[in-house]
Amino acid sequence: MLEELQRRNMSHNTARVYLHAVEEFSLYFNRPPDQLGLEHIRQYQAHLFTERKLDATSVCQQLSALRFFFLKTLKRGWPADELPYPKLPVRLPDVLSQQQVQRLIDCAGNLLHRVWMLLLYGTGIRRQELVQLKISDIDSARMVIHIQQGKGKKDRDVMLSPKLLAELRSYWRWVQPKPKRYLFPGKGLNAGSDVPMESKSVWNAVHEAAQRAGLDKHVHPHTLRHCFATHLLESGADFRTIQLLLGHADLKTTSRYLHLSERHLKATASPLDSLRLVATPNPEELPHRNE
């Protein structure tokens with residue numbers, strides 16, 4: 001299965017998730033996965049929902065891994081009618097106001113964590129794209145940051161604001177020892193080696209800053225990407241520009257930020273405002289229910 005994933009040049013993260021999903025499927029029945037069939041998949045899908053309490057998105061990911069294994073590795077069929085994907089709920093992500101983003105960044109644990117959050121909010125890059133940044137990706141001459149082989153193995157450029165550049169230069173003066181290739185090299189067991197840091201560190205840094213800032217929303221690194229897109233839209237940027245900056249393949253994905261834009265929501269009047277209603281009586285003049 002790993003060879004089939006590698007032949008298709010699928011990302012390391014996708015390969016890891018798919019292999020782990022098939023491993024868990026095999027362990028659940030305590031049998032090699034090639035000895036399991038469609039009825040086992042149906043039972044396992046029910047188990048994921050009822051016993052493990054996974055949401056529909058996670059179950060879809062597990063089914064995608066099993067579908068790949070049965071179709072591409074075992075060369076067996078996958079009857080879509082008998083193995084339907086669960087319906088996915090449509091949810092809008094949490095978005096912070098600019099004041100809340102400022103509070104979040106100001107509550108960073110240290111200068112390194114502050115730079116991570118400034119990059120996430122100032123460019124809209126993904127957490128995995130952040131940890132893969134190289135020193136050579138910072139192009140101060142053109143004031144852009146090169147994102148090499150982001151999601152979907154696509155390159156793109158994002159803006160480098162003067163304020164962000166100044167913060168990156170402060171980070172460079174502060175950090176010791178100086179990074180050689182990756183802007184944020186690995187620490188601990190990876191210290192001194194030419195590898196990027198773990199992306200979990202970024203998640204922890206944002207989560208801890210949100211707690212210190214007293215934010216009651218569920219805040220994670222991707223929240224800052226949502227804030228980047230929503231605040232750009234509110235400031236007048238067009239959808240096509242935002243799509244290119246985010247690296248979305250489909251404009252439909254970008255259009256959901258229209259539902260999050262406070263400026264666009266307030267610009268549309270409610271039909272209630274056009275009704276000529278009788279003025280509400282003074283509550284003190286209304287009879288009580290028991291009268």
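Any value given below was found using the heavy atoms of this structure, including those in side chains, with hydrogens, waters and symmetry copies removed. What you see is a predicted model; the values in this text were computed from it and never measured. Numbering of residues begins at 1 and proceeds along the displayed sequence.
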**Q** With side chains defined as the heavy atoms from C-beta onward, is the minimum distance between I135 and P179 less than 4.5 Å?
**A** yes

**Q** Donor-acceptor pairs under 3.5 angstrom involving side-chain atoms of residues 58-75: please list them, not counting sequence neighbours.
**A**
unit_1, atom_1, unit_2, atom_2, d
S58, OG, D55, OD1, 2.9
S64, OG, C60, O, 3.0
K75, NZ, K72, O, 2.8

**Q** What heavy-atom pair brings M197 and V202 nearest, and what distance separates the two atoms?
**A** CE-CG2, 3.3 Å

**Q** Below 4.0 angstrom, N of the basic side chain to O of the carboxylate: do E24 and R52 qualify?
**A** yes

**Q** Please tell me whether N13 and Q128 have a donor and an acceptor in their side chains that are separated by less than 3.5 angstrom.
**A**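 No, no side-chain donor-acceptor contact under 3.5 Å.
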
**Q** Measure up the H220 and H222 rings against each other and bin them: parallel (under 30°), tilted (30 to 60°), perpendicular (over 60°).
**A** parallel

**Q** Can you see which heavy atom on Y182 is nearest to which on V195, and at what distance?
**A** CD1-C, 3.7 Å

**Q** Please determine whether residues W203 and V206 belong to a single hydrophobic cluster, defined as Ile, Leu, Val, Met, Phe, Trp and Tyr linked transitively by side-chain heavy-atom distances below 4.5 Å.
**A**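 No, because W203 and V206 fall into different hydrophobic clusters, even though each may have its own neighbours under 4.5 Å.
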
**Q** Can you list the steps and then say if L96 with L215 is a side-chain contact (heavy atoms from CB on, under 4.5 Å)?
**A** CA-CA 9 Å; L96 307 178; L215 300 177; 4.0 Å; yes

**Q** Whether the D157 and H146 side chains hold a donor-acceptor pair (N or O, under 3.5 Å, no angle test) is what I'd like checked.
**A** yes

**Q** Show which side-chain atoms of residues 115-124 pair as donor or acceptor with protein atoms under 3.5 Å away, not counting sequence neighbours.
**A**
unit_1, atom_1, unit_2, atom_2, d
Y121, OH, H231, ND1, 2.8
T123, OG1, L119, O, 2.5
T123, OG1, I125, N, 3.4

**Q** Do L2 and L19 touch side chain to side chain, with heavy atoms closer than 4.5 Å?
**A** yes

**Q** For K151, I'd like to know if atom NZ has over 12 heavy atoms of other residues, nucleotides or ligands within 6.0 Å.
**A** no

**Q** What heavy-atom pair brings P33 and S26 nearest, and what distance separates the two atoms?
**A**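 Looking at all heavy atoms of both residues, the shortest contact is CD-OG, 3.5 Å.
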
**Q** May I ask you to test the D155-I147 pair for a side-chain heavy-atom distance under 4.5 Å?
**A**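 Side-chain contact under 4.5 Å: no.
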
**Q** Shortest non-hydrogen contact from A21 to Y44?
**A**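 Reported closest heavy-atom pair: O-OH, 4.4 Å.
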
**Q** Is any side-chain heavy atom of Q149 closer than 4.5 Å to one of E129?
**A** no

**Q** Report the C-alpha separation of R7 and E3 in whole Å, then their side-chain angles, then the decisive distance to 0.1 Å, and conclude whether the salt bridge (Lys or Arg N to Asp or Glu O under 4.0 Å) test is met.
**A** CA-CA 6 Å; R7 287 198 311 116; E3 289 178 355; over 6 Å; no

**Q** Taking C-beta and beyond as the side chain, do H226 and D94 meet within less than 4.5 Å on heavy atoms?
**A** no

**Q** Pair up each side-chain donor or acceptor in residues 164-171 with any protein partner under 3.5 Å, not counting sequence neighbours, and list the distances.
**A**
unit_1, atom_1, unit_2, atom_2, d
E167, OE1, R114, NE, 3.3
E167, OE2, R114, NH2, 2.9
S170, OG, A166, O, 3.2
S170, OG, R173, NH2, 3.2
Y171, OH, L183, O, 2.7

**Q** Report yes or no: do Q45 and R42 form a side-chain donor-acceptor pair below 3.5 Å?
**A**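 Checked: Q45/R42 side chains show no N/O donor-acceptor pair below 3.5 Å.
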
**Q** Among side-chain atoms of H47 and Q43, is any donor-acceptor pair under 3.5 angstrom?
**A**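 The answer is no; no qualifying pair exists.
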
**Q** For K87, look at atom NZ and say whether over 12 heavy atoms of other residues, nucleotides or ligands are found less than 6.0 Å away.
**A** no

**Q** Side chains of F49 and P86, heavy atoms from C-beta outward: is any pair under 4.5 Å?
**A** yes

**Q** Within a strict 4.5 Å, meaning less than it, do heavy atoms of the V219 and H207 side chains meet?
**A** no

**Q** May I ask you to test the R142-D139 pair for a side-chain heavy-atom distance under 4.5 Å?
**A** yes

